[in-house]
K.L.:
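Sharing a structure with you now.
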Number of protein chains: 2
Amino acid sequence: MDKNLTFKQRQVLEAIRRFQQENGYPPTMRELAELLGMASAAGVHKILLMLQEKGVLRRGEGGKSRSYHIVGDEAGESGGRTRACPIIGKVVAGMPELAVEEREGELYLDSDWVGQEDIFLLRVRGHSMIDADIRDGDLLVVQLTQSCRNGDIIIAMLDEEATVKRFYKEKDRVRLQPENQSMQPIYIPIDDPTFRIIGKVKGLLRRY
Amino acid sequence: MDKNLTFKQRQVLEAIRRFQQENGYPPTMRELAELLGMASAAGVHKILLMLQEKGVLRRGEGGKSRSYHIVGDEAGESGGRTRACPIIGKVVAGMPELAVEEREGELYLDSDWVGQEDIFLLRVRGHSMIDADIRDGDLLVVQLTQSCRNGDIIIAMLDEEATVKRFYKEKDRVRLQPENQSMQPIYIPIDDPTFRIIGKVKGLLRRY
DNA sequence: AAAAAAAGTGAACATTTGTTCAAAAAACAC
DNA sequence: GTGTTTTTTGAACAAATGTTCACTTTTTTT
């Protein structure tokens, strides 16, 4: 979850997490300074202030020592950190009511990475998106949504079949562009009832 | 799990747990005293010493503040289903001793997906692997290992700098092939001491 | 009941920890 | 380039925190 944090700020946040993980309690500013190879606690102090301004770090009232704790890392440690995401082998008409029968498994993914929206994982078949660097066998992180902008990669239903295409809205039609030079775009009249947007692609997982 | 603890001692232990749960960090002795309705920190001090003797409580060396943590309540470990994978901003010479200073964050990933080996995540800079459908900004799942086969995508150190290349062992040299038609392969004598393999690419994460 | 262990108090003290300040260097945006 | 933000340093200071001590009270054990 990037929140306009600078590299250094993220580094400090990470050092706190790591210290906490390792010792069971949060570090002091001087301990942080040493971990990060800095010479003075004052620098750390300033960075912590910024992290608080940006809302990613909390402290006890008044200058309590070691009273840092990272927003979002509450309680269950990995409790809220990860979520189970279903892997769908085949997209069928009934979406988005994800039928259990279509589930081919599930993966636990970091909430920071996939976000909080309603998502599922879809395995890519074929090479229609190769120019967008999406390969056969890749897993797509798909967010269930109707709203998408020009240029988004979307999952759409067309004649009872699901496809991955890049989306462009034109004057009175929708253009679905396969990212493969050897394939032709598909044009959909704006009012075609057989056409339906399932969601848009938010991420990608690949294994070698 | 009673270890000849007095009622009071168990009460103090419970207060620490509760405070930690509620605030995200451990209490001071005076805070404990107040929680327990005691007037002085000295009493708490004495009890904490006993808890340490009996091995149910740990503290940092020297009089570190708030450095208590209850043995057996280790929070981390994250159930085994997921593991925390560090994100490395820059690969430096000292690998694989991952320097804290280089950590830019971490992601929890499914153990089934990344496996049990020693791994980290590396952010791709540049377009040298575009023909392998790896893009600028992607996160690579890198397994720390020396052994790699022809055709593997590896992370290698060359002159204090890290690169992502495809690996081919030839007769008396190694060929590092950038997967970008506009770039030339690099040839390394088999005994070049400045050449070092960090690991190989096992997976890829991308966010749109 | 007597003895021993544990718990509690208040004050002083030593150390750790957070905070501020002025100044400079580095990174970043325009 | 210029100007702005961020990062860094060193020192001093204030506040929080842990520690010790002598002593009293309570609880537990014998």
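Letters A, B, ... mirror the listed sequences (proteins, then strands); counts begin at 1.
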K.L.:
Closest-nucleotide mapping onto DNA chain C: is A:E31 or A:L49 further toward the 5' terminus? I mean the 5' end.
P.N.:
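Its nearest nucleotide being more 5', the pick is A:E31.
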
K.L.:
Using every non-hydrogen atom in the two residues, find where B:R166 and B:E179 come nearest and quote the distance to one decimal.
P.N.:
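What the structure gives for the nearest pair is NE-OE2, 2.9 Å.
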
K.L.:
What's the NZ-C1' distance between A:K64 and D:dA14, to the nearest Å?
P.N.:
16 Å

K.L.:
Given C:dA7, D:dT6, C:dT19, which nucleotide is nearest the side-chain atoms of B:Q9?
P.N.:
C:dA7

K.L.:
Which label fits B:H69 and A:Y25: parallel for a plane angle under 30°, tilted from 30 to 60°, or perpendicular past 60°?
P.N.:
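The rings of B:H69 and A:Y25 sit tilted, inter-plane angle from 30° to 60°.
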
K.L.:
Using a cutoff of under 3.5 Å, can you pull out all pairs of nitrogen or oxygen atoms linking the protein to nucleotides 9-12 of chain C, with atom names and distances?
P.N.:
{"residue": "C:dT9", "atom": "OP2", "partner": "B:A39", "partner atom": "N", "Å": "2.7"}
{"residue": "C:dG10", "atom": "N7", "partner": "B:S40", "partner atom": "OG", "Å": "3.3"}

K.L.:
Does A:Q181 CD have over 12 foreign heavy atoms under 6.0 Å away?
P.N.:
no

K.L.:
Hey, are the side chains of A:N150 and A:K169 touching, using non-hydrogen atoms and a 4.5 Å cut-off?
P.N.:
yes

K.L.:
Between A:E31 and A:R66, does at least one N-O distance fall below 4.0 Å, as a salt bridge requires?
P.N.:
yes

K.L.:
Do the side-chain N or O atoms of B:Y68 get closer than 4.0 angstrom to the phosphate oxygens (OP1, OP2) of D:dT17?
P.N.:
no

K.L.:
Quick one: B:I47 CD1 to C:dA6 P, roughly how many Å, whole number?
P.N.:
11 Å

K.L.:
Rounded to the nearest angstrom, tell me the gap between atom CG in A:L36 and atom C1' in D:dT9.
P.N.:
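After rounding, the reported distance stands at 15 Å.
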
K.L.:
Between C:dT15 atom C1' and B:M29 atom CE, what is the distance in whole Å?
P.N.:
13 Å

K.L.:
Can you check whether B:H45 has a side-chain N or O nearer than 4.0 Å to OP1 or OP2 of D:dG18?
P.N.:
no

K.L.:
Check the phosphate of D:dA16 against A:R59, side-chain N and O only, distance under 4.0 Å to OP1 or OP2. Yes or no?
P.N.:
no

K.L.:
Would you say that A:V141 contacts A:W113 through its side chain, given a criterion of any heavy-atom pair below 4.5 Å between the two side chains?
P.N.:
yes

K.L.:
B:L13 has an atom CG; how far is it from atom C1' of C:dA7, in whole Å?
P.N.:
17 Å

K.L.:
Side-chain contact test, heavy atoms from C-beta onward, threshold under 4.5 Å: evaluate it for A:L32 versus A:F19 and give yes or no.
P.N.:
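They are not in side-chain contact.
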
K.L.:
Map B:S65 and B:M50 onto DNA chain C by nearest heavy atom, then report which one ends up closer to the 5' terminus.
P.N.:
B:M50

K.L.:
Taking the minimum atom-to-atom distance to the side chain of B:R66, which one of D:dT17, D:dG18, D:dT7 wins?
P.N.:
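Of the candidates, D:dT17 comes closest.
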
K.L.:
Would you mind reading off the distance between B:E34 atom CD and D:dT17 atom C1', rounded to a whole angstrom?
P.N.:
15 Å

K.L.:
Without decimals, in angstroms, what is the distance between B:L32 CG and D:dA16 P?
P.N.:
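Going from CG in B:L32 over to P in D:dA16 covers 17 Å.
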
K.L.:
Whole Å only: how far is the OH atom of A:Y25 from the P atom of C:dT17?
P.N.:
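Taking atom P of C:dT17 as the reference, OH of A:Y25 is at 9 Å.
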
